[in-house]
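If you're wondering where the values come from, they're calculated on a predicted model, not measured in any experiment. We name chains A, B, ... by the order of the sequence lines, and we start the count at 1 in each one.
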2 protein chains.
Amino acid sequence: MKERERDVMFIHLDFESEEPIYTQLIHQIIEGIAKKELLPGDPLPSVRAMAADIGINLHTVNKAYQHLKQEGFILIHRQKGVVIHPEGVSKADATYMEKVKRKLRPFIAESICRQVSEEDFLKQCQELFSEFKKDKEGDAK
Amino acid sequence: MKERERDVMFIHLDFESEEPIYTQLIHQIIEGIAKKELLPGDPLPSVRAMAADIGINLHTVNKAYQHLKQEGFILIHRQKGVVIHPEGVSKADATYMEKVKRKLRPFIAESICRQVSEEDFLKQCQELFSEFKKDKEGDAK
DNA sequence: ACATCTGTTATATTATAAGTATAACAGTTA
DNA sequence: TAACTGTTATACTTATAATATAACAGATGT
């Protein structure tokens with residue numbers, strides 16, 4: 001077991017990573033939603049509880065929550081609590097797709113330099129999609 | 001014409017972006033290689049010339065060059081100059097593919113939340129691949 | 001020989017971002 | 001009343017990004 005890592009609930013943080021903690025938190029929660037481990041209306045721990053659980057400062061958690069709120073992933077009721085957006089995340093529009101494309105470009109450029117075929121690259125994407133849909137098997141009943 | 005932007009040769013920088021300048025430089029050069037605008041053996045401007053052309057500090061350029069050197073995109077001959085790696089960039093291995101997958105995961109997770117179908121996501125990737133191969137038409141002769 | 005170019009190294013400064021540490025405020029709930 | 005909620009404010013440390021000079025050592029061209 002490595003040192004600077006923390007696992008709490010579905011949250012996995014790597015304190016050694018160069019990726020900021022609050023960004024990791026954001027991604028972990030979005031992954032939870034994508035995997036249907038977090039459903040619309042589900043409550044999230046308070047900023048203090050989450051901070052205490054994973055051993056970081058409450059402001060770092062708050063920063064992540066604010067970002068998630070701004071992008072429509074969660075709702076924050078002033079004195080109630082934090083919940084996954086009950087009406088689901090807003091669907092992708094043209095602006096979002098352009099953002100994705102802009103962020104994807106560097107990876108594809110480097111992959112082309114390294115002779116990764118278009119087929120192999122798409123295969124990686126497909127594997128990731130499969131990974132996220134794996135946990136949806138409970139839908140069968 | 002916007003203010004804080006600079007276009008020199010194939011290099012396009014956005015000083016308003018939150019993406020660091022040296023990172024933008026790295027990506028622009030890698031894109032140039034991917035598009036075959038920069039071929040193995042082609043010279044790159046000296047750190048001072050490049051810095052003067054795009055109006056930034058030579059250390060910022062040097063930082064980008066060092067990264068590109070470390071990852072095998074360019075060669076730096078001490079008192080000669082900087083050239084695109086004559087023997088091409090090293091091919092992708094399993095480690096690189098894992099890195100790509102790890103970086104891709106957050107985008108796919110968010111896309112799933114926003115109800116982007118696997119097909120639509122793959123289409124975006126295909127469009128990017130097409131974009132990079134567009135400039136390869138000169139191969140016909 | 002001399003001046004000019006090359007990458008490299010060193011030092012210093014400014015600005016910004018990340019993360020933490022306390023503290024307090026205003027509502028809610030038990 | 002006590003314990004909880006998100007929020008705000010202030011202060012501090014650390015790291016990174018970017019700039020500004022300056023100098024060194026080797027190569028090149030005149």
Distance check needed: [N] [atom2] versus [X] [atom1], whole Å only.
X	N	atom1	atom2	result
A/I74	D/dG6	CD1	C1'	11 Å
B/L58	D/dA17	CG	C1'	15 Å
A/L75	D/dG6	CG	P	13 Å
B/L13	D/dT19	CG	P	10 Å
B/N62	D/dT16	CG	C1'	16 Å
B/I21	D/dA20	CD1	P	11 Å
A/N57	D/dG6	CG	C1'	15 Å

Does A/S46 have a side-chain nitrogen or oxygen under 4.0 Å from the phosphate oxygens OP1 or OP2 of D/dT5?
yes
Under 3.5 Å donor-acceptor pair, A/H59 side-chain atoms to D/dA9 base atoms
yes
5'-most by nearest nucleotide on DNA chain C - B/V47 or A/K63
B/V47
Where is the tightest heavy-atom contact between A/S111 and B/V100, given as atom of each residue plus distance?
OG-CG2, 4.2 Å
Ring pair (Phe, Tyr, Trp, His ring centres under 6.0 Å) with B/Y22: which of B/H27, B/H59, B/H67?
B/H67
Assign [X] to base, sugar-phosphate, or nothing according to its heavy-atom contacts below 4.0 angstrom with the strands shown.
X	answer
B/Y22	sugar-phosphate
B/E19	nothing
B/Q66	sugar-phosphate

Are side-chain N/O atoms of A/Q24 and A/H12 paired as donor and acceptor at under 3.5 Å?
no
Indicate whether the side chain of A/S90 and that of A/Y96 have a donor and an acceptor atom separated by less than 3.5 Å.
no
Electrostatic pair B/R114:B/E110 at N-O distance under 4.0 angstrom
yes
May I ask you to decide if the ring planes of A/F129 and B/F121 are parallel, tilted or perpendicular, using 30° and 60° as cut-offs?
perpendicular
Nt span of DNA chain C in reach of chain B heavy atoms at under 4.0 Å, 5' end first, is C/dT6 to C/dA10
Non-hydrogen side-chain atoms of A/I108 and B/C125 separated by less than 4.5 Å:
yes
